[in-house]
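A quick write-up on the structure given underneath.
Throughout, protein chains are lettered first and strands after them, A, B, ... in sequence-line order, and every chain is numbered starting at 1.
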Amino acid sequence: MGAKMINPLRGMKDLIFEDSQKFVHIVTTAIKISKNYGYSYIEIPILEETALFKRSVGESSDIVGKEMYQFQDKGDNDVCMRPEGTAGIVRAFISNKLDRQDSTFRFYYYGPMFRYERPQKGRLRSFHQFGCESFGEASVYEDFMIICMIKDIFNALDINFALKINSLGCKDCMPPYRVKLVSFLSDIKDELCEDCKRRIDINPIRVLDCKIERCQSMLCNSPKLIDNLCEVCDSDFEKLKSLLDSVNIEYECDTNLVRGLDYYNKTAFEFISSEIGSQSAIAGGGRYDRLVEFLDGKSTPAIGFAIGIERIMDLVQLPQAKREGFYLGSMNEKGIENLCAISLNLVKNNKVTLEYKVKSLKSHLKSADKIGAKIIIFIGDDELANETLWIKDLETKEEKIIRIDELEFS
RNA sequence: GUGGAUGUAGCUCAGUCGGUAGAGCACCAGUUUGUGGCACUGGUGGUCGCGGGUUCGAUCCCCGUCGUCCACCCCA
């Protein structure tokens, strides 16, 4: 007594009842579709060496710079709870030497991610992502297919979205563009916000993404990467657009769309919902062809995405619950004993609720109705004396009395 | 990290110009003989977030703290 109540940590939430059902519904829907697209499940550790995220996500990002759950473990290792999924999966891809095989690998995953941020709508410190990563496929068709897959997932969940796409260029066209951009930004440096001034040196591309109106207005004449793409990147981006057109997926080219993580190149995309407040990105991803090599694997093209499960939770409707299973109750102690034996047989193939308390028929019916049972099996005084069961289907209202030994278990 | 709002039953909220609280929903039980969803009646349930201060007295006023929500920022 007197001990302080233990509450969940800030920004961490229990998913229970309707929320947990939605969670499962979202994940099973996404799994089904990604399997159809050729993805298989990968499960990796939540804890990784801190260096993994520093090298892949990039130290300039806020995620790594100030939001990681990072600590020394008892073996004095510098470790960290994963703030996102891709880095760990790329590490696993390399650790398992899959980069040595000249083949294609596609993985889906889901699970908790951790970011030490200030919580708000659509932003938790412990949250869940469902994501996919595809390795070994450089074709822009893969970019297209992955966007189709996300579209299919959202359609299956009946979620509206807007799609934004961009190309971030490759190792050939990005660096020269970057030089151009830095020179442009340096000229208008004094007009930009403090964050942007800082970004010019650390990660100038991020300036394009600045939310401050004043900065945005300064940027309308900035050199656009889209106009500076090399031939391959340009033709791939055009191909992607025509493929999307061919299947009537609407999209908007957003030249300022930059992914916050350093590892992206070429195709970048974001799915936006207008119905969930300011944290409107419900899925995001893109190509990261250099990351495997960067983490000391054999150079392998790759592309992936992640969906924020909590962010779409308010957008999904649970399929309507149907009456299901059996409710067993009695008016006397001996009846409960008999029903207990029956329950053990029924439960092999059915959802079963056995009421241990002696109650009136009316009371049992109420309880059975409340838990959504389809069939009630009842033993009253008559049934006990005659060794029979009173059975009623709560949906069709059909009822019958049968001998106990006549009951079929299906 | 910054700003705004907020914290009263399991849930959604009302209320006391300072005298230790109420509704709806939910839950439980009844509405006479063994028939559910509706209706009616009754009941259980709150040290009014926590800690200090002012006061004869605080859930209400003041300060602090913690949590929650929303926005900035960041991102899924």
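OP1 or OP2 of B:U68 has at least one side-chain nitrogen or oxygen of A:Arg10 nearer than 4.0 Å. OP1 or OP2 of B:C72 has at least one side-chain nitrogen or oxygen of A:Ser278 nearer than 4.0 Å. Contact between the side-chain N/O atoms of A:Gln120 and the OP1/OP2 oxygens of B:C70 is not found at any separation under 4.0 Å.
Counting heavy-atom neighbours within 6.0 Å of A:Tyr116 OH, excluding the residue itself, gives a total of 12 or less. Atom CD of A:Glu49 has 12 or fewer heavy atoms from other residues, nucleotides or ligands within 6.0 Å. Within a 6.0 Å sphere centred on CZ of A:Phe184, other residues, nucleotides and ligands contribute more than 12 heavy atoms. Within a 6.0 Å sphere centred on CD of A:Glu399, heavy atoms belonging to other residues, nucleotides or ligands number more than 12.
Across all strands shown, nothing is found opposite B:U54 as a Watson-Crick or G-U wobble partner with both distances under 3.5 Å. The partner of B:G30 is B:C40, judged by Watson-Crick or G-U wobble contacts that both fall below 3.5 Å. Nucleotide B:U65 forms a pair with B:G49, judged by Watson-Crick or G-U wobble geometry with both contacts under 3.5 Å.
B:U59 and B:G7: their C1' atoms are spaced 12 Å apart (whole Å).
Of the two residues near RNA chain B, A:Gly285 and A:Asp381, the one whose nearest nucleotide lies more 5' is A:Asp381. Of the two residues contacting RNA chain B, namely A:Leu124 and A:Tyr116, the nearest-nucleotide position lying further toward the 5' end is that of A:Tyr116.
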(message) Would A:Ile309 and A:Lys22 count as a side-chain contact (heavy atoms from CB on, under 4.5 Å) here? Give the steps.
(response) CA-CA 9 Å; A:Ile309 296 179; A:Lys22 279 186 178 177; over 6 Å; no
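Below the 3.5 angstrom threshold, one finds no donor paired with an acceptor across the side chain of A:Arg123 and the base of B:A71.
Within residues 385-400 of chain A, the residues having any heavy atom under 4.0 Å from RNA chain B are, by residue number, A:Trp390, A:Lys392, A:Leu394, A:Lys397, A:Glu399.
For the pair A:Asp289 and A:Ala302, the tightest heavy-atom approach, listed with the atom from each and the gap, is OD1-N, 3.1 Å. Taking both residues in full, the closest heavy atoms of A:Leu354 and A:Cys340 are given as CD2-CA, 3.7 Å, listed atom of the first, atom of the second, then distance.
Between the NZ atom of A:Lys322 and the P atom of B:G37 there is a distance of 23 Å, given to the nearest Å. Atom NZ of A:Lys374 is separated from atom C1' of B:G36 by 14 Å (rounded to the nearest Å).
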Scan nucleotides 9-12 of chain B against the protein and return all N/O pairs shorter than 3.5 Å with their distances rounded to 0.1 Å.
none

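With hydrogens and angles left out, the side-chain atoms of A:Lys357 and A:Ser363 include no donor and acceptor closer than 3.5 Å.
Each of A:Leu244, A:Thr267, A:Asp236 was checked for a side chain to side chain contact (heavy atoms under 4.5 Å, CB included) with A:Asp143, and the lone residue meeting it is A:Thr267.
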